[in-house]
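Sequential numbering from 1 along the given sequence is applied to the chain's residues. Ligands are counted one by one from 1 in listed order, and the atoms in each one are counted from 1 as well.
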Amino acid sequence: MIVAQEFLKTMDIFKATVLYLTVVTFAIVDGQSYRAGVVLYKPNPSIYATPDEQLKDNLNLTVQIMNANKNESDIFILPEYALTNIKAEFESARVLKSFSVNIGKVGDMLCTTNGTVSEQNLAILACAAKNNYYIVANLIEEDNNTYFSTDIVIDPNGVLNSKCRKYHIVNGTNFERGPSANPCTFTATFQNQSVVFALLYGTDLVYGIPDASKSDNVIVTAATKNNLPLNISVSLSQGFAISNGVNLIVADYNDVELNYGGSGVFYSNGTSVIAFNAANVPNGNAIGGILIKEIPIKPMSSSSIINVKSTIFGEIPKMNLEYINLPTTFNQTIVEGKHCIDKRCCNFKAELSADSIAPYQWIILQNKTNILTQEADIFFCGLVVSSASSPKLTFKNLTISVDDKQPDVAQTLPIALNQNFLPTNFQFNKVARTITFDKENNIVVLFGIMEILGSPNIGTNTAFIVIIVLLVLALVALLVAFLVWRKRQAKNRRNF
Ligand SMILES: *[C@@H]1O[C@H](CO)[C@@H](O)[C@H](O)[C@H]1NC(C)=O
Ligand SMILES: *[C@@H]1O[C@H](CO)[C@@H](O)[C@H](O)[C@H]1NC(C)=O
Ligand SMILES: *[C@@H]1O[C@H](CO)[C@@H](O)[C@H](O)[C@H]1NC(C)=O
Ligand SMILES: *[C@@H]1O[C@H](CO)[C@@H](O)[C@H](O)[C@H]1NC(C)=O
Ligand SMILES: *[C@@H]1O[C@H](CO)[C@@H](O)[C@H](O)[C@H]1NC(C)=O
């Protein structure tokens with residue numbers, strides 16, 4: 001009897017809590033936040049007769065996954081290439097053609113009942129979006145026998161809200177470059193609240209967000225093949241969100257066996273939620289699942305000190321990462337020191353129960369390096385394990401700082417990975433430009449600060465302006481010389 005009463009009391013508390021949480025959640029959703037669903041979709045491995053059948057099946061399966069979560073999310077984001085079963089950037093034009101669609105123009109109603117094969121394919125997505133949610137999806141777009149990696153945004157009317165062709169493509173692909181290096185932006189309306197999103201491809205992370213595309217909320221569709229030490233999608237995303245003070249939503253191509261992936265939501269305050277395996281996220285299975293997070297429209301303002309903390313959903317991915325040697329000008333195993341390259345200086349200190357950090361080493365470099373398939377000029381101060389398989393060390397404390405910010409620094413990305421090549425907790429001081437542990441005894445394989453120096457486009461413009469200024473100066477000098485010469489001539493003639 002008493003037990004039953006206790007049980008009822010517990011039930012009441014439970015009900016009250018559920019009611020309270022529901023009210024609070026609605027208040028938040030109604031007020032200043034939205035819910036984003038990152039789709040972890042692993043293309044179905046079944047054998048299909050034709051690319052069109054594969055495309056249709058992938059479209060239908062993603063729609064099933066989104067619909068199963070349609071009341072929980074306002075916008076769903078699909079990874080780059082997820083609908084095609086191919087790593088499209090390395091494919092021939094013939095293969096690209098077989099998976100391609102014609103997209104039409106912004107403002108087109110895409111939820112139609114008949115039309116060309118392309119229109120019917122797009123209608124599968126658009127009719128799912130209609131009355132339900134926004135979709136951001138990546139497709140292989142065909143336009144006059146030219147192929148683009150194109151992100152589309154479909155709104156809850158089933159209408160094409162935006163269309164955005166990738167600009168920072170990999171060298172040597174059969175894709176054509178999009179028209180602008182500036183990422184697209186689009187506006188979505190959630191419960192009468194407008195949110196402006198910048199829409200980036202993974203490769204755009206290297207270039208930062210130019211002023212023309214500035215936004216507090218950034219969506220990234222990516223297909224990142226991770227490799228050590230500097231090309232790890234989740235680590236770069238985390239650094240990017242902190243450095244730019246944005247909410248970053250990343251949908252990355254999902255294939256851990258081939259070292260692809262790193263989807264998640266990265267908040268500006270250093271908190272992030274990451275998933276590699278579709279089966280591990282709520283409602284997920286081997287083919288797909290959705291990671292849904294609530295996101296404040298205005299990123300959480302944080303002090304100059306950011307405590308970075310990430311949560312990994314489910315099973316730890318087992319990647320077999322390739323290790324790429326960096327062209328370093330400094331590699332040593334001392335526990336404390338300082339090293340400068342021109343005006344840039346790194347200060348580093350490790351506390352551990354040994355008097356050397358071997359087999360790790362400090363890497364300090366300023367050079368052109370390949371980041372996310374893009375050639376970037378970087379300055380890097382960090383501690384790096386010397387190969388993917390070397391023994392791991394436990395540090396009591398590790399602190400690295402970079403002296404004064406030079407004017408050409410486009411982004412300052414704190415990056416850190418644990419022994420599973422996943423983000424680990426650390427503290428970053430944006431003002432002191434220092435990265436350190438927030439607690440003792442951490443195992444890291446990568447720890448440091450990477451600065452990306454002036455983006456190539458800005459570089460070209462600056463060089464152009466410098467050349468023009470020099471030309472004008474040279475012309476002025478010639479004119480002055482000419483005038484002086486003429487005056488002398490006139491004087492000489494008079495004297496004659
Ligand atoms: C960071 O912001 C997110 C989103 O608002 C929030 O859920 C999280 O608790 C915040 N983290 C910290 C450490 O305040
Ligand atoms: C440092 O680099 C040089 C070559 O640049 C290499 O011979 C040496 O083994 C490296 N030292 C360490 C500790 O890795
Ligand atoms: C920069 O990298 C290139 C190519 O890896 C290398 O040959 C060169 O020595 C490096 N320069 C410096 C200053 O480290
Ligand atoms: C891609 O090609 C351009 C022009 O040929 C070249 O300047 C650039 O360095 C190349 N990028 C990479 C990452 O190889
Ligand atoms: C780690 O070392 C730095 C630099 O020596 C120091 O400022 C910091 O307080 C230390 N942190 C901890 C947790 O001991």
Side-chain angles (χ1 to χ4, degrees), residues 21 24-25 27-29 31-36 38 195 216-218 229-230 238 241-242 245-249 264-274 291-311 324-331 334-344 346-353 357 361-371 375-381 383 394-402 416 423-429 431-442 444 447-449 453:
L21 285 180
V24 167
T25 308
I28 294 168
V29 171
Q32 326 82 14
S33 67
Y34 62 93
R35 300 160 308 167
V38 173
V195 183
D216 287 336
N217 292 278
V218 179
L230 295 184
Q238 189 161 57
I242 298 167
V246 296
N247 295 317
L248 186 72
I249 307 162
V265 174
F266 303 84
Y267 297 103
S268 59
N269 62 6
T271 298
S272 57
V273 185
I274 295 164
L291 176 67
I292 297 173
K293 294 312 291 177
E294 186 165 331
I295 299 177
I297 294 174
K298 217 56 216 132
M300 289 290 171
S301 62
S302 43
S303 59
S304 60
I305 296 177
I306 296 177
N307 287 306
V308 177
K309 210 173 174 57
S310 39
T311 312
I324 294 175
N325 275 314
L326 295 172
T328 177
T329 47
F330 179 90
N331 65 344
I334 51 179
V335 292
E336 184 173 2
K338 174 171 184 145
H339 183 78
C340 303
I341 301 175
D342 297 335
K343 289 198 195 104
R344 295 176 222 276
C346 302
N347 306 284
F348 48 88
K349 183 176 172 194
E351 285 175 35
L352 72 170
S353 50
I357 60 163
Q361 58 185 23
W362 303 103
I363 298 272
I364 296 168
L365 67 86
Q366 179 173 340
N367 209 328
K368 288 205 187 313
T369 308
N370 218 302
I371 306 287
E375 191 172 74
D377 229 328
I378 68 163
F379 177 66
F380 176 64
C381 291
L383 173 117
T394 302
F395 294 88
K396 294 196 182 87
N397 187 348
L398 199 52
T399 304
I400 297 175
S401 65
V402 180
T424 183
N425 298 346
F426 63 88
Q427 194 180 74
F428 182 60
N429 186 325
V431 176
R433 297 153 59 71
T434 299
I435 182 171
T436 187
F437 284 149
D438 63 350
K439 63 174 189 308
E440 287 195 357
N441 298 323
N442 256 332
V444 287
F447 194 79
I449 297 175
L453 310 180

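The backbone N or O of Val273 sits nowhere less than 3.5 Å from a side-chain atom of Ser310 that would complete a donor-acceptor pair. In this structure a side-chain-to-backbone donor-acceptor pair under 3.5 Å is present from Asn269 to Thr271. Remark: side-chain polar atoms of Asn429 are paired, donor with acceptor, to backbone N or O of Val431 under 3.5 angstrom. In this structure, the side chain of Trp362 engages the main chain of Ile334 through a donor-acceptor pair within 3.5 Å. Remark: side-chain polar atoms of Asn217 are paired, donor with acceptor, to backbone N or O of Ile297 under 3.5 angstrom.
The nearest protein heavy atom to atom 4 (C) of ligand 3 is not closer than 4.0 Å. Distance check on atom 11 (N) of ligand 3: some protein heavy atom falls below the 4.0 Å cut-off.
Interface atoms of ligand 1 facing Pro296, defined by a heavy-atom separation under 4.0 Å, are 4 (C), 5 (O). In summary, the atoms of ligand 3 found under 4.0 Å from a heavy atom of Asn367, numbered by their order in the structure, are 1 (C), 2 (O), 3 (C), 8 (C), 10 (C), 11 (N), 12 (C), 14 (O). Distances below 4.0 Å separate heavy atoms of Thr329 from the following atoms of ligand 3: 13 (C), 14 (O). Using a 4.0 Å cut-off to heavy atoms of Met300, the atoms of ligand 1 that qualify are 2 (O), 5 (O). Within the listing of ligand 5, atoms 5 (O) sit less than 4.0 angstrom from a heavy atom of Lys349. For ligand 5, the atoms sitting less than 4.0 Å from at least one non-hydrogen atom of Thr399 are 1 (C), 2 (O), 3 (C), 4 (C), numbered in the order shown with element in parentheses.
For the cysteines Cys346 and Cys381, the sulfur (SG) atoms lie within a distance shorter than 2.5 angstrom of each other.
Protein heavy atom at the shortest distance from atom 13 (C) of ligand 1 is Thr271 OG1, 3.7 Å. For atom 14 (O) of ligand 1, the closest heavy atom belonging to the protein is Asn269 ND2, 3.6 Å.
Here the shortest heavy-atom distance to atom 8 (C) of ligand 5, taken over Asn397, Thr436, Leu398, Asn347, belongs to Asn397.
When only interatomic distances are considered, the shortest N/O to N/O separation between Tyr267 and ligand 1 does not fall below 3.5 Å. Annotation: Lys368 places no N or O atom under 3.5 Å from an N or O atom of ligand 3; distance criterion only.
Of all the heavy atoms in Phe348 and His339, the pair that sits closest is CE2-N, 4.3 Å. Across Asn247 and Pro296, no two heavy atoms sit closer than the pair ND2-O, 2.8 Å.
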Problem set entry | Asn425/Asn307 under side-chain contact (heavy atoms from CB on, under 4.5 Å): CA gap, chis, key distance, verdict | CA-CA 7 Å; Asn425 298 346; Asn307 287 306; over 6 Å; no

